[in-house]
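A short write-up of the structure that comes next.
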2 protein chains.
Amino acid sequence: MIIMFSKACEYSIKAVIYLATRSEQNQRARLPEIAEAIGSPEAFTAKILQELARKKLLISVKGPKGGFELNGDADEISLYKIVEIMDGDSLFHGCALGFKKCSDVHPCPVHNKFKAIRDHLTGVLLTTSIKEAAGTVDEGQSFLTSLK
Amino acid sequence: MIIMFSKACEYSIKAVIYLATRSEQNQRARLPEIAEAIGSPEAFTAKILQELARKKLLISVKGPKGGFELNGDADEISLYKIVEIMDGDSLFHGCALGFKKCSDVHPCPVHNKFKAIRDHLTGVLLTTSIKEAAGTVDEGQSFLTSLK
DNA sequence: ATAAAAAAGGACAATTTTATCCGAATTAAG
DNA sequence: CTTAATTCGGATAAAATTGTCCTTTTTTAT
Ligand code: SF4
Ligand code: SF4
């Protein structure tokens with residue numbers, strides 16, 4: 001199937017955007033609240049937030065009044081960064097057709113067309129900050145969970 | 001991870017393109033030859049070819065001199081068709097962020113940007129025939145397997 | 001008819017991804 | 001200092017995907 005992101009990546013993106021919607025108030029959010037807000041399984045989300053904290057994208061605070069918050073400015077965190085953290089940086093050099101290496105001198109039959117798509121995706125992820133994404137949520141123009 | 005295609009889909013695409021490179025000569029290809037040509041595990045590839053034959057994209061012929069061949073003209077089979085067969089048609093309506101439904105009235109925070117990417121991908125798959133893809137292989141300009 | 005060649009199909013195994021559970025560690029507050 | 005709130009980490013489970021193996025069926029060629 002055509003998957004753009006793994007579940008882990010999907011939840012990461014939504015969780016970080018959610019945190020960004022609350023960062024103005026510098027409010028931490030706790031796990032149950034985050035999972036609720038983005039409609040993700042709580043225990044699995046915990047693992048993901050841990051990972052994001054280990055990789056310094058989030059700050060986690062234990063104990064009462066603890067929770068998770070962004071480590072840094074929302075406008076300096078790109079979607080690319082999140083994806084990179086969850087899947088390593090070999091991602092955007094990975095290959096839709098399973099080649100070891102995407103190369104102009106040994107291309108697959110759809111090289112140019114697929115490369116354009118990948119560049120398109122990479123560009124969007126690089127240039128979209130979570131502040132931008134969170135902004136539309138704050139204004140009620142977009143949502144972090146699906147209609148049932 | 002950012003996956004564009006499952007392995008099943010990846011092998012399907014490569015197998016069908018491979019068959020297209022041989023369809024001029026109206027040559028059938030047998031499983032071992034196909035798997036060899038596209039660098040895929042033979043038994044798994046067998047399952048996939050079976051599925052493609054069941055769905056009438058290929059014709060399979062049992063017995064000596066049997067094998068697989070395209071069912072129809074290579075220039076009338078799009079990459080889209082292959083992907084659709086392997087994953088059902090809900091694919092291009094699926095959601096990178098796991099929404100039940102991608103909707104302009106209840107959009108995710110990156111709706112417009114992601115929609116553009118998906119439309120880009122869909123367009124490429126719809127407009128690329130396997131004849132076109134196979135052509136560049138025939139001319140030695142592209143390849144079906146990676147360099148090691 | 002017979003034998004050989006091939007795909008078909010079913011059962012199963014390995015791997016990866018997704019998910020749950022629970023006890024331990026840490027921290028804040030009283 | 002004690003307690004409660006919270007994340008952390010390890011073990012494990014469930015599900016999906018990928019992969020293998022073996023027997024049966026069909027077909028061609030002799
Ligand atoms: S363009 Fe072709 S070779 Fe390069 S990553 Fe995409 S599918 Fe692989
Ligand atoms: S645009 Fe947003 S809602 Fe629509 S499919 Fe993509 S991620 Fe899902």
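Side chains included, hydrogens not; waters and symmetry mates left out as well; all remaining heavy atoms used. Everything numeric here is computed off the predicted structure, so don't read it as measured data. Reminder, nothing fancy here: chain letters follow the sequence lines and each chain counts from 1.
- Atom NZ in K65(A) sits roughly 17 Å away from atom C1' in dT26(C) (whole-Å rounding).
- Between the P atom of dA14(C) and the NZ atom of K47(B) lies a distance of 17 Å, rounded to the nearest Å.
- In this structure, the NZ atom of K7(A) is 7 Å from the P atom of dA19(C), given to the nearest Å.
- Counting heavy atoms from C-beta outward, E33(A) and E36(A) have side chains that stay 4.5 Å or more apart.
- Side-chain rings of F99(B) and F114(B) stay apart, their centers remaining 6.0 Å or farther from each other.
- In this entry the distance linking CD1 of I48(A) with P of dT18(C) reads 8 Å, nearest Å.
- In this entry the distance linking CD of E42(B) with C1' of dA8(C) reads 14 Å, nearest Å.
- Using a 4.5 Å heavy-atom threshold, the side chains of L144(A) and L97(B) count as separate.
- Side-chain nitrogen and oxygen atoms of S60(B) include at least one within less than 4.0 Å of the OP1 or OP2 phosphate oxygen of dA8(C).
- When the nearest nucleotides of DNA chain D are assigned to A46(A) and P64(A) by heavy-atom distance, the more 5′-ward of the two goes with P64(A).
- Rounded to whole Å, the distance from CZ on R30(B) to P on dA4(C) is 17 Å.
- Computed from coordinates, the L49(B) CG to dG9(C) P distance equals 13 Å when rounded to whole Å.
- Following rounding to the nearest Å, E69(B) (CD) and dA7(C) (C1') show an atom-to-atom distance of 13 Å.
- Counting any heavy atom pair closer than 4.0 Å across all strands shown, L31(A) reaches sugar-phosphate atoms only and no base atom.
- The aromatic rings of H106(B) and F143(A) lie parallel to each other, their planes meeting at an angle below 30°, with 60° marking the opposite boundary.
- A salt bridge does not link E51(A) to K47(A): none of the charged nitrogens lies less than 4.0 Å from a carboxylate oxygen.
- Residue K62(B) has its side chain nearest to dT27(D) when only dT27(D), dT18(D), dT18(C) are considered.
- Using a 4.0 Å cut-off, some side-chain N or O of Y11(B) falls inside it from OP1 or OP2 of dG19(D).
- Listed candidates were dA5(C), dT20(D), dT20(C). Nearest to the side chain of A43(A) is dT20(C).
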